[in-house]
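Everything on this sheet refers to the single structure shown next.
Indexing begins at 1, ligand by ligand and atom by atom, following the structure's order. One-based numbering along the sequence shown.
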Amino acid sequence: MGVIKHIIDGVSVPVIAVRGDLTLAAANAVAFEEFPELDDVGGFARFLDKTKGLHDLLGEALEEQDSTKAKVKARNGFRRDYTVTIQSIGDFEGSQILLLTFEDESIQKDIKSMRTGFVANVSHEIRSPLTAISGFVETLQGPAIENVEARERFLGLMAKEVKRMTNLVTDLLSLSQVEAKERRSLKKVVMPDMVIHQAIEAVTAMALKSGKTLLVDIATDLPKVKGRQDDLVRVLINLLENAISYSREKGQVRLSASVNSGENPLGTDAICIAVSDDGEGIAAEEIPLLTQRFYRVDKSRSRNLGGTGLGLAIVKHVLVRHRGKLVVESSLGEGSVFSVYLPIAENSSQS
Ligand SMILES: Nc1ncnc2c1ncn2[C@@H]1O[C@H](COP(=O)(O)OP(=O)(O)O)[C@@H](O)[C@H]1O
Ligand SMILES: [Mg+2]
C-alpha cells in the first residue's frame, strides 16, 4: 500500500483508500489532519459509523465497480459537509481498492458568505450618505428655501457627503483592480525614490492644510524594485494619508527609506519604506484586523476624515502582487510605524 500512500500524499484534499472489506488501506496526511481519529485502532470503523450514508455509498461502489459522488456530513470536531467522490481503482495486493476524496463544502460557503457580507457592507456605506443627502434636499426644498445662511450650510454638508461617496467608489474600483491583478507577474522595475517623491507631492497639500509636518529621509542610491509605479505610489499615499489623519494636532509624519539586507520579514534583500506618526496609536489586538475591508478602529472618526476603510486593504493586495510585506508597529498614545518591505529586483544596479 506504500505506493498508494505515496501517490495520495501529494493531494491537497483528504483522500482515503479503503479495501473491499471496508478496512483502511491508506490515508493521506491531510486526511489524518482533518480526521485525526483515523490514526487510532479501529478508527476507520468508527469514522464509517458516524458518517451517515458513507457505508451504503461504499457498498454501492463495490457492487457496481463504478465511481459515485455524494454529499456526506463528516465530523472532525466541527461538523462539516463534504462532497465525497468514491472511485474504484481496481485490485491491488489482492483486494479491490476504493479511493474516497473529500471536498470541503464549507470553503465554498465561506466564500459565498464573504461575498454577501461585502455587498451588505458596500450597501450600508452608500446608504448612509444617501440618507443624509436626501434629508438635506428635503430641508432645502422646505423650511430652508428662503434662508441663505442655512442654504449655504446644507449645500456644504451635501458636498461633503458626495465627496464621501466619490471616495468610496474610487477606492472600490482601485480595490477590485488590484485584486484582479494580484496574481499577475510584474515585468517592469521602478525606482523607489521616484515612487516616494510622487507620493509626497500628492499629500503635501493635505499635510499643510491640517497643520502637520512632513519629514522625508531617503537613503541615496536606493536599488530598483520590481513593480508598478502607480500601484506603489497608491500604497504610500494611503499610508501617508492615514499618518496625517491620525497623528496628533501639529504632529509630525516621517517617511524614511533604506536598504535592508539583514533580517527582515521577507528573508531576502529588500528596501524598507517606513511611514511613522506621533498619533494616537493602535491597540495590539486591532493591528491584525486593519487590512480587512471596511475595518476601522473608530468608524465615525474615519468617516469624518473622508476615510472609506478600504485604504489598507488596497495596500495589502498591491503588496501581495509585489511579493512585499506590510509590518505595523504601534503603541497607544505614542504613534505608529507602517513599514513596507519590497524585494530588490535582481540585477538591479544602483542607478
Ligand atoms: N497611522 C495610523 N494611526 C492610527 N490608526 C490608524 C493609522 N492608520 C490606519 N489606522 C486605523 O486603521 C483603519 C483603517 O485604515 P484604512 O484602511 O486606511 O481606512 P480609512 O483610513 O479610510 O479609515 C483606520 O480607520 C484607522 O482606525
Ligand atoms: Mg486610509
Side-chain angles (χ1 to χ4, degrees), residues 117-118 121-122 124-126 128-129 160-179 182 196 199-200 202-207 209-216 231-257 272-320 324-340:
F118 182 64
N121 265 324
V122 172
H124 178 76
E125 295 291 333
I126 292 179
S128 40
K160 200 170 165 195
E161 297 298 331
V162 170
K163 177 86 174 69
R164 256 174 66 184
M165 280 202 287
T166 314
N167 287 349
L168 178 65
V169 173
T170 310
D171 278 358
L172 279 172
L173 281 175
S174 299
L175 184 62
S176 84
Q177 276 169 4
V178 297
E179 261 184 314
E182 194 176 79
I196 294 168
I200 293 285
V203 301
T204 299
M206 178 187 178
K209 203 170 148 203
S210 58
K212 312 280 166 87
T213 314
L214 260 183
L215 302 167
V216 183
D231 286 345
L232 292 176
V233 169
R234 187 145 54 192
V235 164
L236 294 188
I237 290 178
N238 279 330
L239 297 182
L240 287 163
E241 281 183 352
N242 281 348
I244 294 168
S245 299
Y246 306 111
S247 61
R248 64 183 158 75
E249 226 177 292
K250 298 207 165 73
Q252 279 189 349
V253 171
R254 177 187 293 271
L255 180 148
S256 64
C272 173
I273 307 175
V275 176
S276 39
D277 66 70
D278 49 7
E280 64 212 55
I282 305 156
E285 65 270 19
E286 311 250 23
I287 290 179
L289 308 174
L290 296 179
T291 54
Q292 285 179 9
R293 301 156 170 171
F294 296 116
Y295 188 85
R296 294 116 144 178
V297 177
D298 179 343
K299 247 193 171 126
S300 60
R301 167 121 198 259
S302 152
R303 284 214 184 108
N304 258 334
L305 294 164
T308 60
L310 294 175
L312 292 176
I314 295 171
V315 166
K316 181 177 88 176
H317 285 287
V318 170
L319 291 183
V320 168
K325 224 170 182 110
L326 175 70
V327 176
V328 183
E329 293 152 298
S330 187
S331 56
L332 277 177
E334 285 177 30
S336 316
V337 186
F338 285 71
S339 308
V340 169

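Within the 3.5 Å criterion, the main-chain N or O of Ser336 finds no donor-acceptor partner in the side chain of Ser276.
Not a single N or O atom of Leu290, backbone or side chain, sits closer than 3.5 Å to an N or O atom of ligand 1. Of the N or O atoms in Ala313, none lie within a sub-3.5 Å distance of an N or O in ligand 1.
Comparing Val337, Asp298, Asp277, Leu310 by heavy-atom distance to atom 2 (C) of ligand 1, the nearest is Asp277. Across Leu332, Asn242, Ile244, heavy-atom proximity to atom 18 (O) of ligand 1 is greatest for Asn242. Ranked by closest heavy atom to atom 5 (N) of ligand 1, the top entry among Val253, Ile282, Leu239 is Ile282.
Residue contact check: Ser336 has heavy atoms under 4.0 Å from atoms 3 (N) of ligand 1. Those atoms of ligand 1 with a heavy atom of Gly309 less than 4.0 angstrom away are 17 (O), 19 (O), 20 (P), 22 (O), 23 (O). Set against the non-hydrogen atoms of Tyr295, the atoms of ligand 1 under 4.0 Å away are 13 (C), 14 (C). Numbered from 1 in the order shown, with element, the atoms of ligand 1 that lie under 4.0 Å from a heavy atom of Gly307 read 22 (O).
Ile287 and Ser330 get closest at one heavy-atom pair: CD1-CB, 4.1 Å. Contact detail for Pro129 and Met165: the closest heavy-atom pair is CG-CG, 3.4 Å. The two residues Ser302 and Arg296 make their nearest non-hydrogen contact at OG-NE, 3.2 Å. The two atoms that bring Leu326 and Thr291 nearest to each other are CD2-CG2, 4.2 Å, heavy atoms only. The nearest pair of heavy atoms linking Asp277 to Tyr246 is OD1-O, 4.4 Å.
Nearest non-hydrogen protein atom to atom 7 (C) of ligand 1 is Tyr246 CD1, 3.5 Å. Nearest to atom 27 (O) of ligand 1 among the protein's heavy atoms is Val297 N, 3.0 Å. Residue, atom and distance of the protein heavy atom nearest to atom 15 (O) of ligand 1 are Leu312 CD1, 3.6 Å.
Here CD of Glu286 is found 10.0 Å from CG of Asp298. Values are rounded to the nearest 0.5 Å. Atoms CD1 and CZ, from Ile282 and Phe338 in turn, are 4.0 Å apart once rounded to the nearest 0.5 Å.
Contact annotation: for Phe338 versus ligand 1, heavy atoms closer than 4.0 Å belong to the side chain alone.
Residue-environment remark: CZ (Arg254) stays at or below the threshold of 12 foreign heavy atoms within 6.0 Å.
Here Asn242 reaches the Mg ion (ligand 2): one of its N/O/S atoms is less than 2.8 Å from the metal.
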